[in-house]
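Single-structure report; data block below.
Letters A, B, ... are given to chains in the order of the sequence lines, protein chains preceding strands, and every chain is numbered from 1.
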There are 2 protein chains.
Amino acid sequence: MNSTIKVVIVDDHPLIIEGLQILFSNSEIITITDSYSSASEFFARDSFDAIDLVLLDVFLPDMNGIDVCIEIKKAQPHIKVLAMSSQAERSIILQMIRNGASGYLLKSAGLAEFKYCIENALNGKIVFSDEVSNLVNQITSNDLQNIPRLTKREKEITILMKQGKSTQQIADILFLSYLTVQTHRRNLLNKFKVKNGVELINYAINNGLI
Amino acid sequence: MNSTIKVVIVDDHPLIIEGLQILFSNSEIITITDSYSSASEFFARDSFDAIDLVLLDVFLPDMNGIDVCIEIKKAQPHIKVLAMSSQAERSIILQMIRNGASGYLLKSAGLAEFKYCIENALNGKIVFSDEVSNLVNQITSNDLQNIPRLTKREKEITILMKQGKSTQQIADILFLSYLTVQTHRRNLLNKFKVKNGVELINYAINNGLI
DNA sequence: TAAAAAATACCTGATTACAGGTAGCTTATA
DNA sequence: TATAAGCTACCTGTAATCAGGTATTTTTTA
């Protein structure tokens with residue numbers, strides 16, 4: 001029986017993958033078994049049984065890390081997910097943890113932190129790299145309220161709004177009725193309790209929704 | 001005589017440093033001679049003569065990459081500077097190049113891109129990793145002219161707009177006439193050649209104006 | 001497969017933003 | 001001290017957004 005921890009990496013930065021592989025190449029506890037540069041590549045795996053933990057980049061080219069985390073935990077609850085990012089954004093950290101992630105690491109974390117966090121995540125702990133810990137400690141009840149998520153259509157429309165497109169232009173681009181886009185816009189404003197498009201975009205950017 | 005290219009890394013991500021060192025460990029052309037995790041560590045070197053190129057992270061804990069680049073090029077013009085970042089922000093790319101950097105690489109770039117860019121930067125070329133190239137190619141005459149800067153009043157109003165405040169609310173907050181705020185809004189849209197407030201805010205954020 | 005969520009579409013009225021022009025006053029700066 | 005740049009303010013008309021309600025169809029999920 002093999003008792004090493006089997007870790008896969010999902011990150012679109014080849015350098016990070018290289019670095020992690022070197023880091024754990026001599027480890028008898030942790031083995032990097034595979035690495036993927038996109039979410040879809042990862043999900044295309046044949047089997048997920050032999051995975052103990054996923055080191056997951058928060059910003060991937062095809063999906064955002066929160067959605068990836070949700071999908072992994074839904075389909076393979078035995079897999080621990082450790083989020084990695086270059087920046088520590090409170091809202092993203094919170095959403096990750098809320099959706100089942102075992103922790104959040106900054107890529108600027110030291111090598112020892114990586115090892116420590118992976119091992120402790122496997123033991124069921126919620127782990128953060130040092131800088132993130134400080135942020136997490138500052139979290140108030142205010143931050144704990146759920147941030148509504150965007151549906152596929154809503155995301156499309158939000159991105160077009162961000163580009164300065166008008167309701168009519170968005171309708172033309174997405175082949176929808178002007179009235180449908182109007183409805184989506186209204187739903188978005190209600191959903192996030194904002195008063196206009198400018199505030200909506202600002203909120204969406206700050207919370208990593210687009 | 002030694003003809004290898006001597007490269008130093010300035011980056012606060014240990015993983016990236018590891019990755020780059022591995023990447024070039026077998027190279028006969030490129031040698032990583034040193035690495036630093038902050039700008040001040042780098043500037044504390046005894047001598048800069050033996051450096052051909054600096055791989056410079058744009059976001060460092062103590063200084064921003066643009067200022068580091070300016071200092072390097074001022075004190076040691078013979079050193080080529082290659083900027084590295086996780087994100088491709090047009091305004092930062094432009095400012096880097098304007099201040100003497102030889103190129104801009106995304107950390108998500110492939111290993112081959114890193115090699116290619118370092119070698120060509122040494123030959124005096126301006127180099128970009130693939131994704132960045134696309135962005136740079138999109139730079140139109142619109143972007144090449146200097147980005148207009150915000151006046152004090154305009155900045156106040158832009159920030160309030162970002163918060164979702166209406167023209168009337170902004171007028172109340174700043175003790176101005178509704179009509180005055182209207183004029184400022186119009187000037188802002190003209191100045192940045194955008195069509196509406198959403199686009200304005202997006203532009204301002206992307207270009208570090210607010 | 002039934003229930004819930006998402007996407008689609010329409011109507012109406014009120015509010016706000018956008019676009020054009022004009023102009024006096026203040027504050028830097030050449 | 002000119003001259004430019006910035007700030008202030010007004011008028012008018014058009015276009016777009018916001019806010020309320022309703023409702024059918026499709027897709028997802030329990």
Side-chain angles (χ1 to χ4, degrees), chain A residues 43 63-64 66-77 99-100 146-204 209-210, chain B residues 145-204 209-210:
Chain A
F43 286 121
M63 281 175 74
N64 81 65
I66 292 156
D67 291 332
V68 177
C69 181
I70 291 170
E71 268 203 46
I72 292 176
K73 295 305 278 192
K74 195 169 66 184
Q76 311 288 337
N99 286 302
N146 280 333
I147 294 162
R149 306 201 31 260
L150 293 176
T151 68
K152 211 168 148 189
R153 208 41 141 184
E154 285 171 346
K155 188 171 177 181
E156 288 179 311
I157 288 170
T158 309
I159 289 170
L160 288 167
M161 283 178 69
K162 181 180 127 179
Q163 292 167 11
K165 300 282 190 288
S166 71
T167 302
Q168 186 59 62
Q169 286 176 310
I170 295 171
D172 292 344
I173 291 167
L174 298 178
F175 301 107
L176 293 173
S177 161
Y178 174 86
L179 298 156
T180 303
V181 178
Q182 226 174 32
T183 303
H184 280 299
R185 284 184 84 128
R186 179 153 41 93
N187 290 342
L188 284 163
L189 296 188
N190 285 333
K191 202 170 193 173
F192 296 102
K193 297 186 179 61
V194 292
K195 292 181 292 298
N196 53 47
V198 174
E199 209 181 348
L200 172 68
I201 297 303
N202 192 42
Y203 184 96
L209 297 170
I210 53 174
Chain B
Q145 64 207 10
N146 281 337
I147 295 163
R149 56 176 218 87
L150 293 176
T151 69
K152 211 169 148 188
R153 207 41 141 183
E154 285 171 345
K155 188 172 177 177
E156 287 180 310
I157 287 170
T158 307
I159 289 171
L160 288 167
M161 282 178 70
K162 181 179 125 176
Q163 291 166 12
K165 301 283 190 287
S166 71
T167 302
Q168 186 58 62
Q169 286 177 310
I170 295 171
D172 294 343
I173 291 168
L174 298 178
F175 301 108
L176 293 173
S177 161
Y178 173 86
L179 298 156
T180 303
V181 178
Q182 227 174 34
T183 302
H184 281 299
R185 283 184 84 127
R186 180 153 42 96
N187 289 341
L188 283 163
L189 296 189
N190 285 333
K191 204 171 193 172
F192 296 101
K193 297 187 179 61
V194 292
K195 292 180 293 298
N196 54 45
V198 174
E199 213 181 345
L200 172 68
I201 297 304
N202 194 40
Y203 185 96
L209 298 170
I210 53 173

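Residues A:N202 and A:V198 are not in side-chain contact: their nearest non-hydrogen atoms beyond the backbone lie 4.5 Å or more apart. Looking at heavy atoms from C-beta onward, B:L189 lies out of side-chain contact with B:N196 at the 4.5 angstrom threshold. A 4.5 Å side-chain heavy-atom check between A:Q163 and B:E199 finds every atom pair outside the cut-off. A:K193 places none of its side-chain heavy atoms less than 4.5 Å from the side chain of A:Y203.
The separation between A:L189 atom CG and D:dG21 atom P is 15 Å, rounded to whole Å. We find that CD of B:Q168 is positioned 13 Å from C1' of C:dA17, with the value rounded to whole Å. A:I70 places its CD1 atom 11 Å from the P atom of D:dT29, with the value rounded to the nearest Å. Distance CD1 (A:I201) to P (D:dT17): 12 Å, rounded to an integer number of Å. One atom, CD1 of B:I157, and another, C1' of D:dT8, lie 10 Å apart when rounded to the nearest Å. Taking atom CG on A:L160 and atom P on D:dT17, their separation rounds to 13 Å, with Å as the unit. In this structure, B:L188 places its CG atom 12 Å from P of D:dG6, rounding to the nearest Å. Look at CG on A:L179: it is 5 Å from P on C:dC10, rounded to the nearest Å.
Shortest non-hydrogen contact noted between B:T158 and B:I201 is O-CD1, 3.5 Å. A:K155 approaches A:N64 most closely through the heavy-atom pair NZ-ND2, 4.4 Å.
The side chain to side chain contact (heavy atoms under 4.5 Å, CB included) test with A:K165 singles out one residue from A:Q168, A:M161, A:Q169, and that residue is A:Q169.
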Inset, instruction - Could you walk me through whether A:E156 and A:H184 pass side-chain contact (heavy atoms from CB on, under 4.5 Å), step by step? - result: CA-CA 10 Å; A:E156 288 179 311; A:H184 280 299; over 6 Å; no
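For A:R185, the salt bridge (Lys or Arg N to Asp or Glu O under 4.0 Å) criterion is met by no residue, not counting sequence neighbours.
A distance of 11.0 Å separates CG of B:D172 from OG1 of B:T167, quoted to the nearest 0.5 Å. In this structure, CD1 in B:I157 is found 10.5 Å from CG in B:L150, a value given to the nearest 0.5 Å.
Taking a cutoff of 4.0 Å between a charged side-chain nitrogen and a carboxylate oxygen, B:E154 and B:K191 qualify as a salt bridge.
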Which side-chain N or O atoms in residues 173-182 of chain B pair as donor and acceptor under 3.5 Å with protein atoms at least two apart or in another chain?
| unit_1 | atom_1 | unit_2 | atom_2 | d |
| --- | --- | --- | --- | --- |
| B:S177 | OG | B:L179 | N | 3.0 |
| B:Y178 | OH | B:Q182 | NE2 | 3.4 |

For nucleotides 20-23 of chain C, which of its nitrogen or oxygen atoms have a protein nitrogen or oxygen under 3.5 Å away, and what is each distance?
| unit_1 | atom_1 | unit_2 | atom_2 | d |
| --- | --- | --- | --- | --- |
| C:dG20 | O6 | B:R186 | NH2 | 3.4 |
| C:dG21 | O6 | B:R186 | NH2 | 2.8 |

I'd like a table of atom pairs between the protein and nucleotides 3-7 of chain C - only N or O on both sides, under 3.5 Å - with the distance next to each one.
| unit_1 | atom_1 | unit_2 | atom_2 | d |
| --- | --- | --- | --- | --- |
| C:dA7 | OP1 | A:T151 | OG1 | 3.4 |
| C:dA7 | OP1 | A:R153 | N | 3.2 |
| C:dA7 | OP2 | A:T151 | OG1 | 2.2 |

For nucleotides 24-27 of chain C, which of its nitrogen or oxygen atoms have a protein nitrogen or oxygen under 3.5 Å away, and what is each distance?
none

Short heteroatom pairs, N/O only, protein and nucleotides 14-16 of chain D, under 3.5 Å:
none

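Nearest-nucleotide positions on DNA chain D for B:F175 and B:N196 put B:F175 closer to the 5' end.
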